[in-house]
Amino acid sequence: MEFGVKSGSPEKQRGACVVVGVFEHRRLSLAAQMLDQAADGFLADIVRRGDMDGKPSTHLLLHRVPGVPAERVLLVGLGKEREFREKAYRDCIAHATRVLSGLGVTDAHVYLSELPVRKRDLAWNIEQAVIVAEDTLYRFERLKSKPEEAPRGPRKITLAVARRGELALGDAAMRRGAAIAAGMKLARDLGNLPGNVCTPTYLADQARAMAESNGLGVEILERADIERLGMGAFLSVAKGSDEPPRFIVLRHSGGAAGDKPVVLVGKGITFDSGGISLKPAADMDEMKYDMCGAASVLGAMQVVARLALPLNVVALIPTCENLPSGRANKPGDIVTSLSGQTIEVLNTDAEGRLILCDALTYAERLEPACVVDVATLTGACVIALGHVTSGLLANDDGLARELLHAGDAAWDRCWQLPLWDDYQEQLKSNFADMGNIGGRPAGTITAACFLSRFAGKYRWAHLDIAGTAWKSGKDKGATGRPVPLLAHFLAKRAQRA
Ligand code: BES
Ligand code: MN
Ligand code: ZN
């Protein structure tokens with residue numbers, strides 16, 4: 001989809017369709033009032049008759065409205081004006097996009113971007129409109145033998161800004177939104193690909209292709225390299241599968257040569273069967289999504305490159321499968337991590353932390369400004385925060401605040417859980433330096449406690465995206481989260497630098 005921004009009032013637009021909002025209780029939005037004036041009360045009349053009551057997820061398409069040069073006017077329900085906040089705004093954009101995609105129109109002038117959302121500004125509205133529209137139109141059909149019926153229109157959506165003086169701001173927001181949406185699409189495509197296509201080798205090849213076409217540095221370590229480094233925890237998971245592991249390193253050098261990099265680490269388990277601690281059969285297919293941390297880090301790196309952020313960023317992605325086999329980890333096995341710390345593998349299904357811990361140790365040699373890892377790490381996080389909010393744990397409150405703020409600004413929110421020492425006890429092992437599980441209570445926190453033992457030398461935060469990286473049920477599919485959060489976090493850091 002192509003986007004543009006434009007100033008100018010709705011009753012002057014030619015073109016195929018003008019989109020304006022209507023609140024409940026017969027309240028026309030400002031843009032709708034302007035059309036209504038040009039049309040001599042035509043819209044107010046329709047609303048008065050009750051044909052458009054302004055309820056959310058409703059619309060009315062009008063043709064040849066008198067006094068209005070556009071071919072069509074699409075009225076979109078906004079709900080109650082007092083309750084019109086972020087979610088309502090995003091919902092009305094999604095609804096309008098869905099309606100437009102079913103029409104035979106080439107272009108649309110959308111005035112919803114002018115609607116005031118409390119505590120938000122025009123830049124937020126425009127960026128979100130682009131992200132939500134792209135998100136709504138997303139389909140994953142590359143593995144269907146016949147494509148389903150393609151959306152018909154429009155090819156271009158023009159978003160309205162009230163004043164000419166806002167055009168530059170709106171344009172920048174639109175570009176940021178488009179870059180984030182493209183990063184999300186990359187993450188979603190990789191996430192949705194099944195385990196027999198998206199193997200560690202495939203993921204590494206895609207990372208290389210993305211890096212090369214966006215001017216990022218890339219280095220891909222193979223099994224022998226990983227062995228030479230001594231990543232015993234990562235390798236212990238990888239050796240249960242015939243698919244060879246990869247360790248992907250991407251570099252964006254937008255900052256000064258001596259500037260310490262922000263390091264992103266993504267969990268890249270391309271399929272998590274649980275290993276010998278095998279998962280139940282129901283919904284096990286969804287464990288193809290266990291590389292969504294890696295996919296979101298790749299998506300964020302693409303955003304960083306396309307926006308040419310003046311910041312040094314390095315991405316680290318350990319990727320392998322977690323399968324049961326004659327060479328797989330067994331409960332009770334003790335492995336030696338890259339850090340030298342030994343780990344008793346009490347549950348082979350707690351594999352994410354085993355591959356991440358070696359990546360976190362590897363990060364030390366990059367002398368990072370900070371490290372953020374992203375992982376579909378614990379089912380417990382889904383119980384705690386559901387599918388709305390990602391889990392956040394950190395050894396540094398300043399870094400945690402930055403991420404909380406970025407999540408809010410991007411409307412891709414996370415919430416902090418405590419990483420207090422008191423929880424560390426649950427990882428005690430009688431036979432090794434630690435166990436890889438901490439029992440049922442506070443599963444998300446003990447997983448982060450485990451990681452914290454490998455992240456002691458720098459400022460570090462962990463995002464548990466088990467509940468937010470994909471949707472189950474009839475809308476099953478990857479969400480592209482937390483690409484928006486990461487993009488905002490990095491953009492803000494680049495601004496500060
Ligand atoms: N990838 C899973 C976490 C997961 C489970 C994400 C369900 C989304 C939905 C992870 O590798 C895992 O299996 N974690 C275990 C840890 C446990 C054995 C301590 C879990 O959460 O059950
Ligand atoms: Mn697992
Ligand atoms: Zn996993």
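We count ligands from 1, going down the list as the structure has it; atoms in each ligand are counted the same way.
The residues R118 and E86 are annotated as not salt-bridged, no charged nitrogen and carboxylate oxygen being separated by less than 4.0 angstrom.
In this pair, W470 and Y289 present their aromatic rings parallel. The plane angle is below 30°, not in the 30 to 60° band.
Contact atoms of ligand 1 toward A466: 6 (C), 8 (C) (distance under 4.0 Å to a heavy atom of the residue). Shown in contact with T376 at under 4.0 Å from a heavy atom are these atoms of ligand 1, numbered in order with element: 1 (N), 2 (C), 3 (C). Of all atoms in ligand 1, numbered sequentially from 1 with element shown, those under 4.0 Å from a heavy atom of K267 are 1 (N), 10 (C), 11 (O). Residue-ligand proximity, E351 to ligand 1, at heavy-atom distances under 4.0 Å covers atoms 11 (O). For ligand 1 and N347, the ligand atoms under 4.0 Å from any heavy atom of the residue are 18 (C). Atoms of ligand 1 found under 4.0 Å from any heavy atom of I437, numbered from 1 in the order shown, are 19 (C).
Ligand 1 lies within reach of M287, whose nearest heavy atom is under 4.0 Å from it. Ligand 1 is approached by W470 to a heavy-atom distance shorter than 4.0 Å. Ligand 1 has at least one atom lying under 4.0 Å from a heavy atom of R353.
The shortest heavy-atom contact between Y89 and L112 is CE1-O, 3.4 Å. Across every non-hydrogen atom of S236 and L354, the tightest pair is OG-CD1, 4.4 Å. Across every non-hydrogen atom of I276 and N329, the tightest pair is CG1-O, 3.1 Å. Heavy atoms only, all atoms of each residue included: C92 and L115 are closest at SG-CD1, 4.4 Å. Residues H252 and L311 come closest through the heavy atom pair CD2-O, 3.0 Å.
For the pair NZ of K267 and OE2 of E351, the angle whose vertex sits at the Zn ion (ligand 3) is 90° to 10 degrees. The angle that D290 OD2 and D272 OD2 make at the Zn ion (ligand 3), rounded to 10°, works out to 90°. At the Mn ion (ligand 2), the vertex angle linking OD2 of D272 with O of D349 is 170° (nearest 10 degrees).
Among all non-hydrogen protein atoms, the one lying nearest atom 2 (C) of ligand 1 is D272 OD2, 3.5 Å. The nearest protein atom to atom 14 (N) of ligand 1, hydrogens excluded, is given as L377 O, 3.4 Å; this is a heavy-atom distance. Ranking protein heavy atoms by distance to atom 1 (N) of ligand 1, first place goes to D290 OD1, 2.8 Å. For atom 12 (C) of ligand 1, the closest heavy atom belonging to the protein is D349 O, 3.2 Å. The protein heavy atom nearest to atom 21 (O) of ligand 1 is G379 N, 2.7 Å.
Looking at heavy atoms from C-beta onward, K267 lies out of side-chain contact with V374 at the 4.5 angstrom threshold. I343 is listed as a side-chain neighbour of F450, based on a closest heavy-atom distance under 4.5 Å.
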Mind running side chain to side chain contact (heavy atoms under 4.5 Å, CB included) on Y362 and L338 for me, showing each step along the way? CA-CA 8 Å; Y362 183 92; L338 176 60; 4.2 Å; yes
Using the rule given for side chain to side chain contact (heavy atoms under 4.5 Å, CB included), can you reason through C320 versus F271, listing the C-alpha separation, both sets of side-chain angles and the distance that settles it, and then say yes or no? CA-CA 8 Å; C320 68; F271 188 77; over 6 Å; no
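Residue F247 is tested with M231, R223, E222, E219 for a side-chain contact (heavy atoms from CB on, under 4.5 Å); the sole match is M231.
Per residue E351, closest N, O or S atom to the Mn ion (ligand 2): atom name OE1.
Residue contacts with ligand 1 for I269 are absent, since no atom lies close enough (heavy atoms, distance under 4.0 Å).
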